[in-house]
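What follows is a single structure, and I will ask about it in a moment.
Every chain is numbered from 1 and lettered A, B, ... according to where its sequence line falls, protein lines coming before strand lines.
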Amino acid sequence: MEISVKKRRIGKHRQALKATGLLAFPMSWWTIWFVIAFIAALVMSFTNVTLAKLANGGEIEFTLNNYIRMFDIANPRFDQDYWSAMGVTIVWTLVMTVGNNLMALLCAFLIYSIKKGQKLFLGLLFWPSLVSGVVGSDVTKMVFGSQNSSLANQIVMAFGGEPIQWLTSESYALISLMIMPFLLGFSTKMLIYYSSLISIPNTYKEAAIMESKSQSKVFFKITLPLMKNAVILNVILSIIDGFKILGPMQLVTQGGYGTTSEMLYIYNTAFQDGQIGRACAYATILFLIILIFTIIQRIISGKEVKSIE
Amino acid sequence: MNNNNKQKVVRRIDFETSNNIALRVDKRKSKRAGSIGFKIFAYVFLTFIAFCQVFPFYLKLIDSFQAPETIPNADILYLWPENFTLANYWTAMNVSGFWMALGYTICHTVCFTAISLFIAIIVAYTLTKLEFKGKKIVSGLLLATMMVPGEVLMIPNYIIALKMGINQNVFGLILPGIVNVFGIFLLKQYMQTIPNSVLESAEMDGCNELKKIFKIIVPMSKPVIITYVILTVVSTWNEYLWPLIMQSSGSPVQTLQLIMYKFYPGLGNYADGFVRSAGMILITIPIITVYGVFQKYFLSQNNIAGMK
C-alpha cells in the first residue's frame with residue numbers, strides 16, 4: 001500500500017517532467033507568435049511606428065493619436081475613411097448573417113424532410129465552401145462582367161433591363177460582391193443546422209402531428225425553438241466572419257467603388273501606406289468587437305456541450 | 001443486397017445521432033399523401049440551388065476550353081466553347097513559374113499539415129492524458145487565443161517573421177502557424193473519449209511516452225486525425241493572404257493561388273482570360289478530388305464539432 005502511494009507520487013512527478021518536455025517547444029513557439037504578437041499589436045497601437053521607421057531605425061514615440069483620429073469628430077484629421085469602411089463592413093455583416101442563415105436553415109430543413117438523397121444533396125451543397133478565395137473572386141469577376149455577355153447582365157436583360165456596370169459603379173459594386181458569397185457561403189452553417197435537426201427526438205413532432213397540427217406549425221412552434229442554440233451559434237459565427245471579411249473586396253474590386261471593408265482598410269494602412277501603428281489601433285478595435293461576440297458564442301456552445309452530456 | 005442495406009443503415013446511425021427506431025417511425029409517417037407537394041418543392045428547390053452553385057463554375061470551365069485565338073462575341077453567353085481545345089491548360093502550366101509555384105504550394109501544404117499535426121497530437125495528448133500542475137491554465141491560455149482572430153495578429157507576425165529572417169523562403173509560410181490551437185482542441189475533444197486503462201496497460205509493458213502516443217493514441221484517433229488533415233490541407237492549399245503579405249516583403253516564394261491571382265502574361269487577344277480560367281480550374285481540381293474521396297469526413301460529426 002505504502003509503496004504504491006509512493007510510486008504514484010513519483011509517477012506524478014515524472015509525469016510533470018514529461019509534460020514539461022513535451023510542451024516546451026509548442027508553448028514557447030505559441031508564446032512568440034500569439035502572446036508576444038498580441039502584446040506587440042496593443043503596444044504598437046499607441047505609437048506612431050511605420051514600416052520605414054522599423055527598417056531604418058527612426059524615432060518611435062508613444063501617442064494616443066491613432067485612437068483620437070478615430071473617435072474625435074472635431075479633430076481636423078478625423079478618420080472619415082475608417083468609418084465608411086466600418087459602414088461597409090456592418091452592411092456586409094448584416095446582409096450575410098441574415099441571408100446565409102435563412103438559406104442554410106431552409107436547405108437544411110428541406111434536406112432533412114426529404115427521405116431519399118439526403119447525403120447527395122448535403123454533398124452537392126457543401127463543396128462551394130472549399131473553393132479558394134482567389135478562384136471564387138475570379139468567378140465573381142466573370143459573372144459580373146460589364147459586357148452584355150456576362151451571366152448577370154444576361155439575366156438582367158432576360159427580364160427586360162439594361163446591362164449594368166456591376167463592379168465599377170458605386171451603387172452596384174457591393175451588391176455584386178455579396179451575391180456569390182450569399183449563394184456559396186452557407187454550406188458550413190447548413191451542416192450545423194442539419195446536425196441540430198437530426199438530433200431532435202422525433203417523438204416531439206409525432207405528438208404534435210397527432211394533435212393534427214400543420215407542418216408549418218410544427219416547424220415554427222416545435223422544431224425551431226428546439227434549434228435555438230444552433231441558430232444563435234450560427235448567427236454569431238456569421239457575425240464574426242462578417243467583421244473579418246477581406247477576400248472579395250481585396251481580390252475583386254481592390255476596395256474601389258465603396259467596397260473597402262474594415263479588414264481591407266487595415267491591410268492597406270499597414271502594407272501599402274506602411275502606417276503600422278495606426279493599423280494596429282484599427283485592429284485592436286476590431287478585436288474588441290469580435291471578442292464580444294466570441295465570448296457570447298463560447299458561453300452558448302459551452303451550454304450546448306453540457307446539455308448533450 | 002441485404003448485407004449492403006445493413007451497411008447503409010449502420011452508416012446512417014453512425015452519421016446521425018438520433019436513434020434508429022425513431023427514424024423508422026418517421027419514415028412511415030412521411031408516406032402520408034399530404035406531404036407530396038412539399039416533397040416535390042423540396043427536390044426542385046434543392047436542385048435549383050445546387051445548379052446555381054455549379055453553373056458559374058461551369059461557365060469558367062467553358063471559358064477555359066476556348067481556343068486562344070477566339071474573339072468572343074460580347075453579346076453571347078457561351079454555354080459551349082466555339083472551338084474546343086485543351087491548349088490553355090498546357091499554356092497555363094508553362095508560363096510564369098507554374099511548376100515552381102506548384103512545388104512551393106505542395107511543400108507548404110505538406111510540411112504545414114505534417115508539423116502542425118505532430119504538434120497538435122503531442123499537445124492534445126499531454127493535456128488529456130498526463131497529470132501535472134497548471135494543466136488547466138495551459139488549456140485556458142490556448143483556448144483564449146482562439147478568441148483572437150488571426151487577422152489581428154497579421155501585422156506583428158509580419159514583423160516577427162522579418163526579424164527572424166524567415167520571410168525570404170518557404171519557412172515564412174510554414175512556421176508561423178504550426179501551433180494550431182484549433183487542431184489541438186479538435187484532437188483533445190476526441191482523445192478524451194479514449195479510456196486511460198489502455199495507456200496504463202501499455203505502461204506496464206514498458207512503453208515510453210512517444211511510443212504510447214504513436215503506437216496507441218494515434219491509431220485510436222484515426223478518424224479525427226483524418227478530419228484534421230483534410231481540413232488543413234484544403235485551407236493551406238487555398239491560403240492567399242499570408243503568402244501575399246510575405247511576398248510584399250520581397251519574398252520570392254510564389255504559391256499557386258498567388259500566381260493565378262496576378263496572372264497577366266499578355267498573350268494577346270482574349271487568350272489571357274482563357275489561360276487564367278484554365279489555371280483557376282487547375283488549382284481547384286486537387287481540392288475537389290480531395291472532397292470527392294474524403295466526403296464523409298467533411299460531413300462528419302467531428303467536423304461539425306470543430307466548427308463550434
With only heavy atoms counted, which part of A/Phe182 is less than 4.5 Å from chain B, the side chain, the backbone, both or neither? neither
Contact leader toward chain A among B/Val290, B/Thr126, B/Val123, B/Leu143, where contacts are heavy-atom pairs under 4.5 Å: B/Thr126
Where on A/Phe121 is there a heavy atom nearer than 4.5 Å to chain B: the side chain, the backbone, both, or neither? side chain
Measure distances from B/Leu162 to the heavy atoms of chain A and classify the residue's part below 4.5 Å as side chain, backbone, both or neither. neither
If you tally heavy-atom pairs under 4.5 Å between each of A/Thr20, A/Asp138, A/Leu23, A/Leu106 and chain B, the highest tally belongs to A/Asp138
Engaged part of B/Leu142 at the chain A interface, taking heavy atoms whose separation is under 4.5 Å: both
Pick whichever of B/Arg276, B/Met164, B/Met280, B/Met154 has the most heavy-atom pairs under 4.5 Å with chain A. B/Met280
Decide whether A/Gln250 and B/Tyr240 meet the rule of one side-chain donor and one side-chain acceptor closer than 3.5 Å. yes
For each of A/Ile32, A/Leu124, A/Val134, tally heavy-atom pairs with chain B at distances under 4.5 Å, and name the one with the top tally. A/Val134
Which of A/Tyr282, A/Phe243, A/Phe271, A/Phe287 touches chain B most, by non-hydrogen pairs under 4.5 Å: A/Phe271
Looking at A/Ile36, A/Ile111, A/Asn153, A/Asn234, which has the largest count of heavy-atom pairs under 4.5 Å with chain B? A/Ile111
Please test A/Phe126 against A/Thr188 for side chain to side chain contact (heavy atoms under 4.5 Å, CB included), starting from the C-alpha separation and ending with a verdict. CA-CA 7 Å; A/Phe126 184 75; A/Thr188 54; 4.0 Å; yes
Are the side chains of A/Trp29 and A/Phe34 in contact, using a 4.5 Å heavy-atom criterion? no
For B/Val54, is it the side chain, the backbone, both, or neither that has a heavy atom closer than 4.5 Å to a heavy atom of chain A? both
A side-chain contact here means heavy atoms from C-beta on lying under 4.5 Å apart; do B/Ser249 and B/Tyr158 qualify? yes
Could you please spell out the steps behind the side chain to side chain contact (heavy atoms under 4.5 Å, CB included) verdict for B/Tyr43 and B/Phe48? CA-CA 8 Å; B/Tyr43 280 114; B/Phe48 174 69; over 6 Å; no
Between the side chains of B/Asn180 and B/Ser116, does any donor sit under 3.5 Å from an acceptor? no
Nearest 0.5 Å, please: how far is CE in A/Met263 from CG in A/Asn268? 10.5 Å
Options B/Val138, B/Ile178, B/Ile288, B/Ile119, ranked by heavy-atom pairs under 4.5 Å with chain A, top entry: B/Ile178
Comparing B/Ile184, B/Ile122, B/Val181, B/Asp63 against chain A, the one with the most heavy-atom pairs below 4.5 Å turns out to be B/Ile122
Under 4.5 Å from a heavy atom of chain A, the part of B/Leu46 involved: both
Which atoms of A/Leu251 approach chain B - backbone, side chain, both or neither, heavy atom under 4.5 Å: both
Of the backbone (N, CA, C, O) and the side chain (C-beta and beyond), which part of A/Pro128 lies under 4.5 Å from a heavy atom of chain B, both, or neither? side chain
For the residue pair A/Leu110 and B/Phe38, establish whether any side-chain heavy-atom pair is separated by less than 4.5 Å. yes
Among the options B/Thr284, B/Asn157, B/Val234, B/Val152, pick out the one with the most heavy-atom pairs lying under 4.5 Å from chain A. B/Asn157
Any chance the rings of A/Tyr194 and A/Phe109 have centres within less than 6.0 Å? no
B/Phe118, CZ atom: more than 12 neighbouring heavy atoms under 6.0 Å: no
Under 3.5 Å, is there a donor-acceptor pair linking the side chains of B/Lys262 and B/Gln247? yes
B/Ala161 versus chain A, the contacting section by heavy-atom distance below 4.5 Å: both
Looking at B/Ala124, is its backbone amide N or carbonyl O close enough to the side chain of B/Thr128 to form a donor-acceptor pair, meaning the two atoms are under 3.5 Å apart? yes
With a 4.5 angstrom heavy-atom cut-off, could you sort out which part of B/Thr47 is near chain A: side chain, backbone, both or neither? both
Chain A heavy atoms under 4.5 Å from B/Ile281: which part of the residue, side chain, backbone, both or neither? neither
Out of B/Leu141, B/Ile287, B/Leu258, B/Leu210, which one racks up the most heavy-atom pairs below 4.5 Å with chain A? B/Leu141
Heavy-atom count around B/Ile137 CD1 within 6.0 Å, excluding the residue itself: above 12? no
Side chain to side chain contact (heavy atoms under 4.5 Å, CB included) assessment of B/Ile49 paired with A/Phe186: CA-CA 11 Å; B/Ile49 295 293; A/Phe186 66 86; 3.9 Å; yes
Any side-chain heavy-atom pair from B/Pro243 and B/Gln257 closer than 4.5 angstrom? no
Sort B/Gln295 into side chain, backbone, both or neither according to what part of it lies under 4.5 angstrom from a heavy atom of chain A. side chain
Looking at B/Gln189, is its backbone amide N or carbonyl O close enough to the side chain of B/Thr193 to form a donor-acceptor pair, meaning the two atoms are under 3.5 Å apart? no
Which one of A/Leu291, A/Val131, A/Ile266 has the most heavy-atom pairs closer than 4.5 Å to chain B? A/Val131
Interface moiety of A/Ala41 toward chain B, non-hydrogen atoms closer than 4.5 Å: both
Check whether B/Val148 gets within reach of chain A through its side chain, its backbone, both or neither, counting any heavy atom under 4.5 Å. both
Heavy-atom proximity to chain B below 4.5 Å, by part of A/Met157: neither
Which one of A/Thr294, A/Leu130, A/Val143 has the most heavy-atom pairs closer than 4.5 Å to chain B? A/Leu130
